[in-house]
Q: 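Quick one: the structure is below, questions incoming.
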4 protein chains.
Amino acid sequence: MRHKDDKKNQAICDAAIELITANGFADTSMSKIAKTANVSPATIYVYFENKENLLNKIYLFVKQEMSSEILKGVDQNLSVEKAFKMIWNNYYQYAIKNPVRFAFTEQFANSPMVDRICKNESSTYFKPMLDLFNRGKEEKVFKDISLEIFTAFTFAPLTGLIKEHFSGALVLDEKMLETTYKIAWDAVTN
Amino acid sequence: MRHKDDKKNQAICDAAIELITANGFADTSMSKIAKTANVSPATIYVYFENKENLLNKIYLFVKQEMSSEILKGVDQNLSVEKAFKMIWNNYYQYAIKNPVRFAFTEQFANSPMVDRICKNESSTYFKPMLDLFNRGKEEKVFKDISLEIFTAFTFAPLTGLIKEHFSGALVLDEKMLETTYKIAWDAVTN
Amino acid sequence: MRHKDDKKNQAICDAAIELITANGFADTSMSKIAKTANVSPATIYVYFENKENLLNKIYLFVKQEMSSEILKGVDQNLSVEKAFKMIWNNYYQYAIKNPVRFAFTEQFANSPMVDRICKNESSTYFKPMLDLFNRGKEEKVFKDISLEIFTAFTFAPLTGLIKEHFSGALVLDEKMLETTYKIAWDAVTN
Amino acid sequence: MRHKDDKKNQAICDAAIELITANGFADTSMSKIAKTANVSPATIYVYFENKENLLNKIYLFVKQEMSSEILKGVDQNLSVEKAFKMIWNNYYQYAIKNPVRFAFTEQFANSPMVDRICKNESSTYFKPMLDLFNRGKEEKVFKDISLEIFTAFTFAPLTGLIKEHFSGALVLDEKMLETTYKIAWDAVTN
DNA sequence: TATGAATGAGGGTTCATTCAT
DNA sequence: TATGAATGAACCCTCATTCAT
């Protein structure tokens, strides 16, 4: 009996992420994914139940990878400020180093295509970030605002700028990044 | 020769916006648009060259409508602060009153589908907003930051919160809106 | 606007009947039907909702045609004996003259593929036959047996012999037919 | 060298008969048969050359089993009448006790799928029945008719009624069975 | 202008079968 | 022998678009 080939699985995932990011989910056919992954269309169905399941699994996979990169080096002993800055920078670094994966997650961040269960599970990966937010509020470092507003003034602006950076409308250099960080930090801290 | 029927044109646009917003561009077939608009599929091709052209024209149309709503009441005589607040609130009002159109524009804001020319043209509609931004910088009201950073801390946060409001993850009430505005204003002003 | 082309409809039906009879429903693809009918596969969907609907419509059509042929010349004024003989002979004639259509209906006579509604409707076409059976019983010409037993000894034997005739296992000549008729008549009459 | 596992062979046959009877030959995939038989799809090809060969072998197997059941207790010493009645009843009993196998054989009785050789071979299993028929004619018990007509008025009616019994359109009780037998006997005897 | 008919290309998916272990 | 992985071909069906009126 043949073993399940991990390289094939990876090739399919990579092809799917690349194509979906470039052309969108609906315009990415299973055939095209197969062709890009150098695999028969039928082979995809050995690893994934169907197209939607493929999307969900890949989304979870990328989110997990992303979260582990972003939370790298963060632990309870760090001060709120240092921990937050580290996460913020890690997020930026991940996006810059993995532009395709970053674009992929952004495409489905607010999409109904990725089902709710899948999204909930993915949000658990980021629990340490939530803990930090709560600790910051307890320590009166952060303003007494909701998580959504907090995110809206910290990660949302960065995300927006990174997107424009990738689109070529903007060059997000070191200095701009620092400016942005400073404004964000001031916006949500007392 | 008969004139092109403006009602038919409008019906097609409305149908397209509704269906695209609900199901996405790729899952919205010309036949379905035709059926929803009570028109033959072939008739759509009397008004639009093809599907992509339909999307572009509709995108421009909605952007134009949106900009005229958002800039309503804004003129040079208003102080920077008053003008900005007015625009910010108008934007919120437009989104709340036109959830479908708002969702429609958001869907394509970062999409490769709407071609570059189309996007550039659409940004000209918001020139008064750009003028205001420059005036604010000249008057030293706004910080000396780029337009992109300015937007990232003013409209981007609001857009994010509105999306979460529509998704049901959040209730964006009067008080939260004020809090958000205050943080945004403080973030970009000296 | 183009008119719906009745020749195309007919060509599709003929092709479907022929292919389904020869190869069975499951082994008859829409593409093959299209090719045989000299039509695009998509065109079939202009006339039929889907493959199953195609089968149902064709089944009804053939049954209707068949019943009108079989009941031709039969009316209330004929004696039970003469009317029955006429129907019996008409049935034989129809089968011999329309071997493909005969085989087609036989293939689906006891099949769950043709849905119940469709079958019920088709059985109404043969109501005159049922009336004759009841009249025969009232007049004490026929034995006091159920319709099913009646059919089992009149049409079922003939059907079986016709099938063997077509399969080449048998030559169903005039004399054999008369013998069969006589046995059938004696079997169900007092 | 390991022996071929007879239990696996049997499991595959049972699964195939069940699925084919329930869903038809074309809608029964090798994978589904494998799954139902708790076996790998590839294993089926150890026992059968391909799908068609699987069908033929199973058909022969069931026919053989059926014939041995039907001819059980029949021998040369019995009178023609007693022997015939025994066979007729055995046939009915077999059908009632093995509805799936009965339905299976019926499905392919007039199908082009089971190839000619296969059918011929299967008919040899019933040779004792043929002998009885010839003896009955010699003894002037049976009318001087062909085997086909004989079958058409003895087994064909019973088969038809059993089918309707299974389809639920009819309840074939003891009394009805007797009536049917009597008519059949009278139809083919002097 | 306006239309329903018509279509080739392509969609996702399943299939019988073979491969490699 | 026995298997799960792997596959090209084929499945039904929908699509954006054009045709003919």
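Lettering follows sequence order; numbering is per chain, from 1.
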Q: May I ask you to evaluate whether D:K8 reaches the phosphate of F:dA2, defined as a side-chain N or O under 4.0 Å from OP1 or OP2?
A: yes
Q: Checking all strands, does A:Y47 fall into the base, sugar-phosphate, or nothing category for heavy-atom contacts under 4.0 angstrom?
A: sugar-phosphate
Q: Note every stem involving DNA chain F: at least three consecutive Watson-Crick or G-U wobble pairs, i with j then i+1 with j-1, with both distances under 3.5 Å.
A: E:2-21 with F:2-21
Q: What residues form a side chain to side chain donor-acceptor pair (under 3.5 Å) with D:D27, not counting sequence neighbours?
A: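 Partners of D:D27 by the side chain to side chain donor-acceptor pair (under 3.5 Å) criterion come out as none, since no residue qualifies.
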Q: Looking at DNA chain F, which of residues 24-43 of chain B put a heavy atom within less than 4.0 Å of it?
A: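 Going residue by residue through residues 24-43 of chain B, the ones with a heavy atom under 4.0 Å of DNA chain F turn out to be B:T28, B:S29, B:M30, B:K32, B:A42.
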Q: Looking only at side-chain atoms of B:K51, point me to the closest of E:dT3, E:dT13, F:dA16.
A: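 Within the option list, the nearest is F:dA16.
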Q: For A:E106, check salt bridge (Lys or Arg N to Asp or Glu O under 4.0 Å) against everything at least two apart and list the hits.
A: A:K163
Q: Check whether A:E18 reaches the backbone of A:T36 with its side chain - one donor and one acceptor, N or O, closer than 3.5 Å.
A: no
Q: Could you state the atom-to-atom distance from CG of C:L54 to C1' of F:dC13 in whole Å?
A: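 After rounding, the gap between these two atoms is 13 Å.
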Q: Can you name the residues that form a salt bridge (Lys or Arg N to Asp or Glu O under 4.0 Å) with C:E65, not counting sequence neighbours?
A: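 Once residues adjacent in sequence are excluded, the partners of C:E65 under the salt bridge (Lys or Arg N to Asp or Glu O under 4.0 Å) criterion are C:R101.
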Q: Which residues pass the side chain to side chain donor-acceptor pair (under 3.5 Å) test with D:N38, sequence neighbours left out?
A: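 None.
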Q: If the condition is side chain to side chain donor-acceptor pair (under 3.5 Å), which residues does A:N9 pass it with, not counting sequence neighbours?
A: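 Residues passing side chain to side chain donor-acceptor pair (under 3.5 Å) with A:N9: none at all.
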Q: Listing request: all salt bridge (charged side-chain N to carboxylate O under 4.0 Å, His left out) pairs with a residue in residues 39-53 of chain A, at least two apart in sequence or in separate chains.
A: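 Those involving residues 39-53 of chain A do not exist here.
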Q: By side chain to side chain contact (heavy atoms under 4.5 Å, CB included), which residues pair with D:S29, not counting sequence neighbours?
A: D:S31, D:K32
Q: Nearest to the side chain of B:V46, which nucleotide is it out of F:dA2, E:dT1, E:dA5?
A: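 Closest nucleotide to the B:V46 side chain: E:dT1.
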Q: Need to verify one output field. Residue with the more 5' nearest nucleotide on DNA chain F, A:H3 or C:H3?
A: A:H3
